[in-house]
Amino acid sequence: MSYHFREIEAKWQRYWAENGTFKASNDSQKEKFYVLDMFPYPSGAGLHVGHPLGYIASDIYARYKRHKGFNVLHPMGFDSFGLPAEQYAIQTGQHPAITTETNINRYREQLDRLGFSFDWSREVRTSDPSYYKWTQWIFIQLFNSWYNRATDKAAPIGELVAMFEKGGNATVQAVSDDDTPQFSSREWNNFTSAQQQQLLLNYRLTYLADSEVNWCPALGTVLANDEIVNGVSERGGHPVIRKKMTQWSMRITAYAQRLLDGLAAIDWPQPLKDAQANWIGRSVGAEVTFPILPAEPHSPVEGEDLAIKVFTTRPDTIFGVSFMTLAPEHHLVAQVTTAAQSDAVAAYVAAAAKRSERERLADVNQITGVFTGAYAEHPFTKEAIPVWVGDYVLAGYGTGAVMSVPCGDQRDHDFARHFNIPIPTIFEGVDISEEAFTDKEHTIIANSDFINGLSYEKATKKIIEALEKQGIGKGKVNYRLRDAVFSRQRYWGEPFPVYYVDGLPQMIDETNLPLVLPEVVKYLPTETGDPPLGNAPQWAWDTEKLAVVSTSRIDDEHVFPLELNTMPGWAGSSQYFNRYMDPNNREEIFSDEAVQYWQQVDLYIGGIEHATGHLLYSRFWQKFMFDLGLVPVEEYAKKLINQGMILGTSAFVYRQEGTNRLLSKGMVGTLAVDPIHVDVSLIDASDELNIDALKSWRPEFENAEFIKEGQKFITGREVEKMSKSKYNVVSPDAICEEYGADSLRMYEMFLGPLEQAKPWNTAGITGVHSFLKKLWKLYHSGPDNSFHVSGPAPGTSTSASPESLKTLHRTIRKVEEDIQHFSFNTTVSTFMICVNELTARKCSSREILEPLAVLVSPYAPHIAEELWEKLGHTTSIATAPFPGFEPQFLVEDSKEYPISFNGKMRFTMDLPLDLSREEIEAAVMAHEKTQYQLQGRIPKKVIVVPGKIVNIVG
RNA sequence: GCUCGAGUGGUGGAAUGGUAGACACGUUGGACUUAAAAUCCAAUGGACAUUAGUCCGUGCGGGUUCAAGUCCCGCCUCGAGUACCA
């Protein structure tokens, strides 16, 4: 009987599903272990061989941990809200829920075929109301919280209100909007309810505010910073412009320092931590206020005290300030501008607003700006400093204004030279006529009053002291991280649990969740520019009935409009890992018992592309939930591994320019050609093209002339990302059909280190496939290849030869080591060596073959289950104990020891392995070759590395 | 520009500071076949010698060490992320 992988795999997949083999219990005496994958967005294209790489690795680890006696939680679900389903709906009118359902079913089918040990009874889908109920619930908790700097954690908003009632906001240490006015308790108590609500929005952890957002006209929605790549949208590559809109935001900046500090405590890859640290962008410096000098006759700001606040990391260079620059979007631009300059400034600001992010990036080197006519007063010299507007200053960073020090900053230098602004120098012995001097380490300050002669550190310290004394500035830590815009003008996302009374947002009572996404007549925005939910015929909130009602009744005094935006893609993925702990709980997001038992994810595997998106937002939500006492740990994933991408190997034919001649790779030479992608399935292992297949695939080549080299037509190959448009996609279904899931699983691991990007090459799979065939043969013998393992020989306790035992135990040791280090690729090699050795010895001993099946089982679970059953077991191999390693089986009889003297002379000698280091040294010294080679010289010492090399140091 | 990775045969890749190239693909030769497929065996870093063997080899140049692919310093190349961040 030979290895029929198709039947075996189907049989065991059915068995696992029917028996609930991988169901995790929340009530177990075993130690817990939580292995998590990043759940996929079910796209219409289905899986290619690159997608399951991480799932295979996590599955191996999960299965290994089960063998080691752990209660393993290994769940899977779908991040099923998203743009493609909605775009498809816009084009075809098909409801996104239907598209999504179809795609999920397809994904599920493909995943099942690979034999993963997921506990599907815990499946979550972010687009399912029973799931997004809890996403909405967390949103409400965020709305009802503020961040207390004094205790450095989030707290209920009620506490803040109580503090305001008692003492106003002057003494409250809270994270809030910068332009929150100060008020006393008396003022607070006299405010109207609407005024109070408006003010509280400045403190809530999720808030509604007018903010400068990245608007993508083509997608008709705003985007978060991490959804923009090189100035265009990540999805679709559409231009993005800046626009002021009323949007929900998440006050993630409150957690900037904790998000940074938390990185130290978690075992995540360094590049990922670096990316997050970079994104948070902590920089230390000072905030300084420059008062605007009362301007001449035409000042539009007479009588008002205007001041410009700037952030700088170089307070030591404050005496080098020769102008100031505001971002075009800075809120004081219009107010400071003099009448004489107002037309020029207005024109400049308007032009800047029109430019897209992309255009701005494209001509980075073009220096533009305009003088406002206003002057600010230098805090120390009291000199008048001209105030300019320039788009090299970003509205979104710091205060949106800078003190410009042309001698110490290259951009300021460029700007000053362009507009003929003086460039005073404040550095000792440095020429700044051509470029700015930015080297902090070698700075000696000059021409700077009380800080002359000081270094960067000392000068900085002294300036900050002086600023604080005068009350015109202070030391400050600034973060690049921005609050995250949380509104999307889309249909296929979580609705906000929010309705509006007099324009002020109100939360729907928790008991009325979920607020279910309504049906709409069309998925595009309304004619008036409202988001797609504006098309819902029934979308208003009745505070009496506590239910959604028709918008036609909106004049009733208890019926209010609901929020029309939906939540962004990352909302649903920011807490799913905790929901898996208790996914069917209808009363709570998860029970306390469940979260106390599972605690946190022990191993999380996923792509690094989520570094500054999902992986940052989810840490933020977890910290918030920790502050509320809902979860016991502040970081949700102890260890994280980024699997590398599997790339495709595209194939090309070369068409000579302006002709219909296709050239074989070697015939191109110096001819001008267009490379054309051809489907990789038309190419054989030696890169030869099947010309007939090409002709029937692409009729346009029917009459093409094919220029071969010799008898063959060879294609060019290139490694690229797998994508439909490059015709280099390899589907796992085709591989499973031809070689089986076990072969695919092993081969994906064998391709190379898990973390590394690597190209797919189907040809190599024959290696692991024939390994599985050899493994199968080890358990089958005789003319009909029937199952046969031998028990102990009569009168002996073992049927295994010492050599085979040695092979087995060496394998156990190596496999265990490799799995613990996530070196899954070398494990596969170890299995191959093991099976080759056992085959050569014709080993059929149960004592060897039984543990071997368990060893292989995490990698190739189907064949392992089949062999396990044939070995006479009636329960799944999944919970069989992992074999123990016994060192005594590894003792060698003797071993050759190469010996070298000062690395020059070398000979070898046989020694027993179990000698101590001293005994080996003595034996080496007594050996006649040593005597001969040393020729009377006295060695200082003998260095012995047992089993390796002996060196004699002269 | 900044940050982080990585450079080892024809290819993917092995190697706690200790005999570099495990394992696999590919290639070549052989066995079995009428033939092919499948399977099995052998060779396979380079050069010289081809019997033993010798020399050179982990991007480049230095250094530490009895010993360096591995550690340190300085470069080069490639990749990823990020970027007018004051």
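Here is how names work: the chains are called A, B, and so on, in the same order as the sequence lines, proteins then strands, and each is numbered from 1. Side chains included, hydrogens not; waters and symmetry mates left out as well; all remaining heavy atoms used.
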Measuring to OP1 and OP2 of B/rG13, would you say a side-chain N or O of A/K758 lies under 4.0 angstrom away? no

Pick base, sugar-phosphate or nothing for A/K814, based on heavy-atom distances below 4.0 Å to the nucleic acid. nothing

Protein-nucleotide distance (A/Y747, atom OH; B/rG13, atom P), rounded to Å: 10 Å

Go through the structure and list residues passing side chain to side chain donor-acceptor pair (under 3.5 Å) with A/R314, not counting sequence neighbours. A/D316

Under the side chain to side chain donor-acceptor pair (under 3.5 Å) test, which residues partner A/W760, sequence neighbours left out? A/T762

With A/R417 via side chain to side chain contact (heavy atoms under 4.5 Å, CB included) - residues at least two apart: A/H413, A/I423, A/E434

Please list, for nucleotides 4-7 of chain B, all pairs of protein and nucleotide N/O atoms separated by less than 3.5 Å.
none

Spacing of the C1' atoms in B/rA52 and B/rA36 (rounded, Å): 43 Å

For B/rG9, glycosidic torsion class - syn if within 90° of 0, otherwise anti: syn

P atom, B/rC4 versus B/rC73: distance in rounded Å? 13 Å

Going by number, which of residues 314-324 of chain A have a non-hydrogen atom under 4.0 Å from RNA chain B? A/R314

A correct dot-bracket answer for RNA chain B, with pairs being Watson-Crick or G-U at under 3.5 Å, [ ] for crossing pairs and | for inter-strand pairs, is (((((((..(((.....[....)))((((((.......))))))((((....))))..(((((..]....))))))))))))....

Hits for ring pair (Phe, Tyr, Trp, His ring centres under 6.0 Å) against A/F290, two or more places apart or cross-chain, chain-then-number order -> none

Electrostatic pair A/E457-A/K440, nearest N-O below 4.0 angstrom: no

Applying salt bridge (charged side-chain N to carboxylate O under 4.0 Å, His left out), can you list everything that pairs with A/D818, at least two apart in sequence or on another chain? A/K814

Nearest whole Å is fine: how far is B/rC78 P from A/Q756 CD? 19 Å

Separation of the P atoms in B/rA24 and B/rA42, to the nearest angstrom: 12 Å

Partner set under ring pair (Phe, Tyr, Trp, His ring centres under 6.0 Å) for A/Y348, not counting sequence neighbours: none

Span that lies between the P atom of B/rA15 and that of B/rG21, in whole angstrom: 13 Å

Does a side-chain N or O of A/N761 approach OP1 or OP2 of B/rG10 to a distance below 4.0 Å, or not? no

With C1' as the reference atom in both, quote the distance from B/rG10 to B/rU28 in angstrom, rounded to an integer. 13 Å

If you look only at pairs with a residue in residues 763-783 of chain A, which of them pass as a salt bridge (charged side-chain N to carboxylate O under 4.0 Å, His left out), with sequence neighbours excluded? none

Quick one: is A/R282 getting a side-chain N or O under 4.0 Å of the B/rC85 phosphate, OP1 or OP2? no

Does A/M645 form a side chain to side chain contact (heavy atoms under 4.5 Å, CB included) with A/E609? I'd like the steps, not just the answer. CA-CA 10 Å; A/M645 204 189 315; A/E609 65 272 19; over 6 Å; no

Name the residue closer to the 5' end of RNA chain B, choosing between A/D818 and A/N836 according to the nucleotide with the nearest heavy atom. A/D818

Consider the side chain of A/P753, meaning its heavy atoms from C-beta on, and name the nucleotide among B/rC84, B/rG13, B/rC25 that approaches it most closely. B/rG13

The criterion is side chain to side chain donor-acceptor pair (under 3.5 Å); which residues satisfy it with A/Y739, sequence neighbours excluded? none

Hey, does the side chain of A/N825 come within less than 4.0 Å of B/rA14's phosphate (OP1/OP2), counting only N and O? yes

Output all residues satisfying side chain to side chain contact (heavy atoms under 4.5 Å, CB included) with A/H610, sequence neighbours left out; order by chain, then residue number. A/M38, A/H614, A/L615

